[in-house]
Number of protein chains: 2
Amino acid sequence: MNKEQLISMLRENGHKVTPQRIAICEEVLSSKEHPTAEAIFEKVSKRHPAISFTTVYHTLDLLKKLELIHEIRFDNRVTRYDPNTSVHVNIICQKCGKISDYESDTVKIQWNHIISELKIQPIGQRLDAYVICGDCKE
Amino acid sequence: MNKEQLISMLRENGHKVTPQRIAICEEVLSSKEHPTAEAIFEKVSKRHPAISFTTVYHTLDLLKKLELIHEIRFDNRVTRYDPNTSVHVNIICQKCGKISDYESDTVKIQWNHIISELKIQPIGQRLDAYVICGDCKE
DNA sequence: CTCCGTGCAAATGGTTTGCATCTTA
DNA sequence: TAAGATGCAAACCATTTGCACGGAG
């Protein structure tokens, strides 16, 4: 996505175009390093010395809503502890946050295909599928 | 792992056996729900009302060192942002937090098998594989 | 001119640390 | 009795929120 496409997308969705916003979007959208908010802040600061973390976080929220980026972290920043290695899919409702597990031979077999292609031996995994659950669809 | 094995393992590694420690270990080692520290605290509190979060965290650290549990979270509690919104596997080092993407037709095909069995149409997904990367193994 | 965006400052909340007291071995 | 464990309170720190000012449309 180039600068013009980005600006169009923002305008179409009713968002204003500011220099900070453009700088942050360009930085994160072109990155291949899964940057942290701090890394983005550092990079963008060079051209916009007065920029704030608040704006970085607000802009990242915007990009999430436009589905241009994914946030990589666990639910509410808490750590989880895993005593078993069984493979399952977490089916997570994006509205109410309810999580149900789905475990089956198919899941294990398909996941094994993937990791054998990857040529790695993971010490754990997490498979999430995001949905809107039946209750929330109404 | 039963209670006797747990106690032996603790003693062999020079750790003392206390009621709180046993209760926390039993709780997390028997759990199938990837519990948070808070969930463990709540459960253990019922039998040990005076227990503290500090002890829960200390005991979880101990179990990590004994490699009886894995900690599931990203890089030192920071959030990372990923502009790659297509189906891919995040390969995440549990020591240094480095993340690399793996994207291939196999990944897409196997994941499609899984979600067609699930009979859901997810609005998004996340596939993580946790590893210790080459640099950190040394 | 109006509304949205920006950014300072303060709040939030999961996790960690300092330290005094208590327990295990 | 000594080394280690516990738990209160305070610190830590990435992220979020309240709010007043400023710039885009």
Side-chain angles (χ1 to χ4, degrees), chain A residues 3 6-28 34-42 44-45 47-66 69-81 97, chain B residues 3 6-28 34-42 44-45 47-66 69-81 94 97 99:
Chain A
K3 195 163 179 171
L6 173 63
I7 291 175
S8 304
M9 179 137 193
L10 289 172
R11 291 226 165 95
E12 279 164 23
N13 287 276
H15 302 290
K16 292 179 177 171
V17 175
T18 68
Q20 296 97 322
R21 185 165 277 178
I22 295 299
I24 295 165
C25 290
E26 288 190 321
E27 182 57 40
V28 64
H34 305 85
T36 61
E38 187 180 10
I40 298 160
F41 174 82
E42 293 299 335
V44 176
S45 288
R47 285 171 175 271
H48 298 266
I51 207 149
S52 71
F53 265 99
T54 311
T55 302
V56 172
Y57 282 116
H58 277 142
T59 306
L60 291 170
D61 283 344
L62 178 59
L63 289 172
K64 275 187 277 175
K65 283 188 194 110
L66 295 176
I69 59 171
H70 280 153
E71 196 177 69
I72 305 188
R73 76 169 181 188
F74 286 93
D75 40 20
N76 224 17
R77 96 179 68 128
V78 299
T79 305
R80 288 178 175 271
Y81 299 90
Chain B
K3 196 164 178 172
L6 172 63
I7 291 176
S8 304
M9 179 136 194
L10 288 172
R11 291 223 166 99
E12 280 164 23
N13 287 276
H15 302 290
K16 292 179 177 172
V17 175
T18 68
Q20 296 98 321
R21 184 164 278 175
I22 295 299
I24 294 165
C25 290
E26 288 190 321
E27 182 57 39
V28 64
H34 309 263
T36 61
E38 187 180 11
I40 297 160
F41 174 81
E42 292 299 337
V44 175
S45 288
R47 285 171 173 272
H48 298 267
I51 207 145
S52 71
F53 265 99
T54 313
T55 302
V56 172
Y57 281 116
H58 277 140
T59 305
L60 291 170
D61 282 344
L62 179 59
L63 289 172
K64 275 187 277 175
K65 282 188 196 113
L66 295 175
I69 59 172
H70 286 144
E71 195 177 71
I72 302 190
R73 75 169 179 189
F74 286 96
D75 197 12
N76 214 22
R77 97 177 72 129
V78 300
T79 304
R80 287 174 176 273
Y81 298 89
Q94 288 286 71
I99 303 176

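In what follows, every chain begins at residue 1, and chains take the letters A, B, ... in the order their sequences are listed.
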Check: From the list C:dT17, C:dA25, C:dT15, which nucleotide is the closest neighbour of the side chain of B:Tyr57?
Finding: C:dT15
Item checked: Rounded interatomic separation in angstrom, taking CD1 from B:Ile22 and C1' from C:dT23 -> 14 Å
Next item on the list: Return the nearest nucleotide to the side chain of B:Thr18; candidates are C:dG7, D:dA14, C:dT24.
Entry: C:dT24
Note to self: Could you tell me how far apart A:His48 (NE2) and C:dG5 (P) are, to the nearest whole angstrom?
What the structure shows: 17 Å
Next item on the list: Could you check how far NE2 of B:His58 sits from C1' of D:dG4, rounded to whole Å?
Entry: 11 Å
Margin query: Among A:Lys64, A:Lys65, A:His58, which residue satisfies the side-chain hydrogen bond (donor to acceptor under 3.5 Å, both in side chains) criterion with A:Asp61?
Written below: A:Lys64
Note to self: Less than 4.5 Å apart, side chain to side chain, heavy atoms only: is that true for B:Asn13 and B:Leu62?
What the structure shows: no
Next item on the list: Taking only the side-chain nitrogens and oxygens of B:Gln20, find out if one of them lies under 4.0 Å from OP1 or OP2 of C:dT23.
Entry: no
Note to self: B:Glu26 vs B:Leu6, test: side-chain contact (heavy atoms from CB on, under 4.5 Å). Steps then yes/no.
What the structure shows: CA-CA 9 Å; B:Glu26 288 190 321; B:Leu6 172 63; 4.3 Å; yes
Note to self: Taking the minimum atom-to-atom distance to the side chain of B:Ile51, which one of D:dG25, D:dG7, D:dT15 wins?
What the structure shows: D:dG7
Next item on the list: Round to a whole Å and report the spacing from CG of B:Leu60 to P of C:dG14.
Entry: 15 Å
Check: Rounded to whole angstrom units, what separation is found between the CZ atom of B:Phe53 and the C1' atom of D:dA11?
Finding: 17 Å
Notebook entry, point to check: Out of D:dG7, D:dT15, C:dT15, which nucleotide sits closest to the side chain of B:Ser52?
Noted result: D:dG7
Item checked: Nearest-0.5 Å distance, CZ of residue B:Arg47 to CD1 of residue B:Ile22 -> 13.0 Å
Notebook entry, point to check: Which nucleotide in the list D:dA24, C:dT16, D:dG18 gets nearest to the side chain of A:Pro19?
Noted result: D:dA24
Next item on the list: Would you kindly give the CD1-to-P distance between A:Ile24 and C:dT6, to the nearest whole Å?
Entry: 7 Å
Note to self: Can you measure A:Asn13 atom CG to C:dG5 atom P for me and round it to whole angstrom units?
What the structure shows: 12 Å
Notebook entry, point to check: C:dC8, D:dG7, C:dT6: which one has an atom nearest the side-chain heavy atoms of A:Arg21?
Noted result: C:dT6
Item checked: Rounded distance (Å) that lies between atom C1' of C:dG13 and atom CZ of B:Phe41 -> 15 Å
Next item on the list: List the steps and the verdict of side-chain contact (heavy atoms from CB on, under 4.5 Å) for B:Val28 and B:Thr59.
Entry: CA-CA 10 Å; B:Val28 64; B:Thr59 305; over 6 Å; no
Note to self: Can you work out whether B:Ala50 or B:Lys16 has the more 5'-proximal nearest nucleotide on DNA chain D?
What the structure shows: B:Lys16
Notebook entry, point to check: Reckon B:Thr55 has a side-chain N or O less than 4.0 Å from the OP1 or OP2 of D:dG7?
Noted result: yes
Next item on the list: Tell me which of B:His15 and B:Glu38 sits closer to the 5' end of DNA chain C, going by the nucleotide each one is nearest to.
Entry: B:Glu38
